[in-house]
Amino acid sequence: MLILSGSTAESWIFSSGTLTITNPGSAFQVGSSDSTVKSIQVTQSGTTLVCAENSTPGTSYATIPTTAGTYTVSPSATTQCTSLCTALSNVASYNSFPTCGAASCNTGYSLSGSGSSATCRAIGGGGTIVPCGAGFKLSGGLCYPIASTPNVTTPSATVPSTSAAIFVKNLSPGISSEDVRRLQTLLASDRDVYLEGIISGYYGSLTQKAVERFQVKYNIATPSDAGYGNVGPKTRAKLQEVFGEVGSIPVAPSTTTSASALFRANLRFGMRSSDVYRLQQLLATNKDLYPDGTVSGYFGQKTKEAVQRFQLKYGAVTSESDVGYGSMGPKTRAKLQEVFGH
């Protein structure tokens, strides 16, 4: 090991391959010129406080904490710093120790949060696993056929269920959660308020308009009020009053595909991913857009043509000569969420 120039401490002792430092000064730094050393670890009372990769032997170093105490510095030929991080599911790489937390994710998963709190969640609205269509199973973030029929079907039957009217959090456009799903279920029981009755868990423009109608109907807010279209304390209280503190209502029939309409990445011809699978699931619910209806996860010619029909129908492009025609860029992603994700 190497003690870098300028390092100060009350004392240090080298014995049996480890360095013990007592009361280090403002900058006590230890490195190693041995290329077999993978990392340099600093421990106190058996707890690892610092770990530095020996990526450039002779130059890399670990900095000892300046808090008064005794610290043990040990080189390791086997341990890499990120291996000291708490294991998380579906993580491809971790942030440097001791921050840890996910730095990148396996295929089919996206990064959620940052720093030590970062995790990997299956790609889909609200970080939940994207449901596959009938005849498909989820494996490694991708949908694979179980049966020979590749087309996606949408639920049509009304399934009795219940939904409590108590909300402990405010809700606003852009949120995806079970609370939003309960809100939609309640509002859908009043067709004057929520005619579309779509239960998706995503707070889109249709849900916002339904909340606005509810607020006007019960004299909670007007278009000029700050909370118009949001579920704040007054609206939450009125929802509980109208629909009952512990009451229940039947869930309205779902009229949308179960696949999430939230896409965080652009898609284009030739790609294969779970996002393409979800895109195909959504488009396949409208035979005018996607008459082929094949859900394979591969962005081929049929999918490209379906995207083109969608773009022209909903104004995501102005003409066939537009850049991005047939690809899923920011405008098309936003329009998909608007059309399918309410």
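No hydrogens, no waters, no symmetry mates; every other heavy atom, side chains included, goes into these values. All values derive from a computational prediction rather than experimental measurement.
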Next on the checklist: Distance check, rounded to the nearest 0.5 Å: Tyr325 atom OH versus Lys304 atom NZ?
Outcome noted: 9.0 Å
Checklist entry - Does a side-chain N-to-carboxylate-O contact under 4.0 Å join Asp190 and Lys217? => result yes
Checklist entry - In the single-linkage hydrophobic clustering (I, L, V, M, F, W, Y; side-chain heavy atoms under 4.5 Å), do Leu183 and Val242 co-cluster? => result yes
Next on the checklist: Tell me whether Arg181 contacts the main-chain N or O of Tyr202 through its side chain, where contact means a donor paired with an acceptor under 3.5 Å.
Outcome noted: no
Checklist entry - Looking only at side chains, do Ser74 and Thr18 share a donor and an acceptor under 3.5 Å apart? => result no
Item to check | same_hphob_cluster(Leu49, Met1) at 4.5 Å side-chain heavy-atom cutoff | outcome: yes
Checklist entry - Judged by atom type as modelled, is there a donor-acceptor pair below 3.5 Å linking the side chain of Ser327 to the main-chain atoms of Gly329? => result no
Checklist entry - Roughly how far, to the nearest 0.5 Å, is OH of Tyr194 from CD of Gln184? => result 4.5 Å
Checklist entry - Do the side chains of Pro330 and Asn266 get nearer than 4.5 Å, heavy atoms only? => result yes
Checklist entry - For Phe167, is the NZ or CZ atom of Arg182 found under 6.0 angstrom from the centre of its six-membered ring and inside 45 degrees of the ring axis? => result yes
Checklist entry - Do you know the tightest heavy-atom contact between Ala306 and Tyr290? => result CB-CD1, 3.6 Å
Checklist entry - Any luck finding a side-chain donor-acceptor pair between Gln311 and Thr332 under 3.5 Å? => result yes
Item to check | Min side-chain heavy-atom separation Leu2-Ser33 under 4.5 Å | outcome: yes
Checklist entry - Between Thr294 and Asp292, is any side-chain donor less than 3.5 angstrom from a side-chain acceptor? => result yes
Checklist entry - Going hydrophobic residue to hydrophobic residue with side-chain gaps under 4.5 angstrom, can you get from Phe340 over to Tyr314? => result yes
Checklist entry - Would you say Val30 and Tyr61 make side-chain contact, with heavy atoms under 4.5 Å? => result no
Next on the checklist: According to a hydrophobic-cluster definition based on side-chain heavy atoms being under 4.5 Å apart (Ile, Leu, Val, Met, Phe, Trp, Tyr only), do Val73 and Phe28 belong together?
Outcome noted: yes
Checklist entry - Heavy-atom distance under 4.5 Å between the side chains of Pro24 and Thr66, does that happen here? => result no
Checklist entry - If you round to the nearest 0.5 Å, how far is CG of Leu279 from CG of Leu336? => result 6.0 Å
Next on the checklist: Tell me if the CZ atom of Phe97 is crowded by more than 12 foreign heavy atoms within 6.0 Å.
Outcome noted: yes
Item to check | Nearest non-hydrogen partners of Gln301 and Phe269, listed with the distance | outcome: N-CE1, 3.4 Å
Checklist entry - So, for Ala62 and Val42, which heavy atoms are closest and what is the spacing to 0.1 Å? => result CB-CG2, 4.2 Å
Checklist entry - Roughly how far, to the nearest 0.5 Å, is the CD1 atom of Ile166 from the CD atom of Gln240? => result 5.0 Å
Checklist entry - Is there a side-chain contact between Leu171 and Tyr203, using heavy atoms and a 4.5 Å cut-off? => result yes
Item to check | Lys209 and Arg213: CA distance, side-chain angles, deciding distance, side chain to side chain contact (heavy atoms under 4.5 Å, CB included) verdict | outcome: CA-CA 6 Å; Lys209 292 183 183 300; Arg213 295 188 193 103; 4.1 Å; yes
Item to check | Test log, rule side chain to side chain contact (heavy atoms under 4.5 Å, CB included), inputs Arg236 and Asn170 | outcome: CA-CA 8 Å; Arg236 286 160 43 199; Asn170 295 339; 2.7 Å; yes
Next on the checklist: Can a donor-acceptor pair be found, under 3.5 Å and without considering hydrogens, that links the side chain of Ser39 to the backbone of Ala52?
Outcome noted: no
Checklist entry - Do Ser76 and Lys38 have side chains that get closer than 4.5 Å, going by heavy atoms? => result no
Checklist entry - Considering only heavy atoms from C-beta outward, does the side chain of Thr43 approach that of Thr47 to under 4.5 Å? => result no
Checklist entry - Does Arg272 make a cation-pi contact with Phe299 (under 6.0 Å, within 45 degrees of the axis)? => result no
Item to check | Inter-residue atom distance Ile21.CD1 - Ser7.OG, 0.5 Å rounding | outcome: 8.0 Å
Checklist entry - What closest approach, in Å, do Phe263 and Asp275 show between heavy atoms, and which atom pair accounts for it? => result CE2-O, 3.2 Å
Item to check | Atom pair CD1/NZ of Ile175 and Lys169 - distance to nearest 0.5 Å | outcome: 9.0 Å
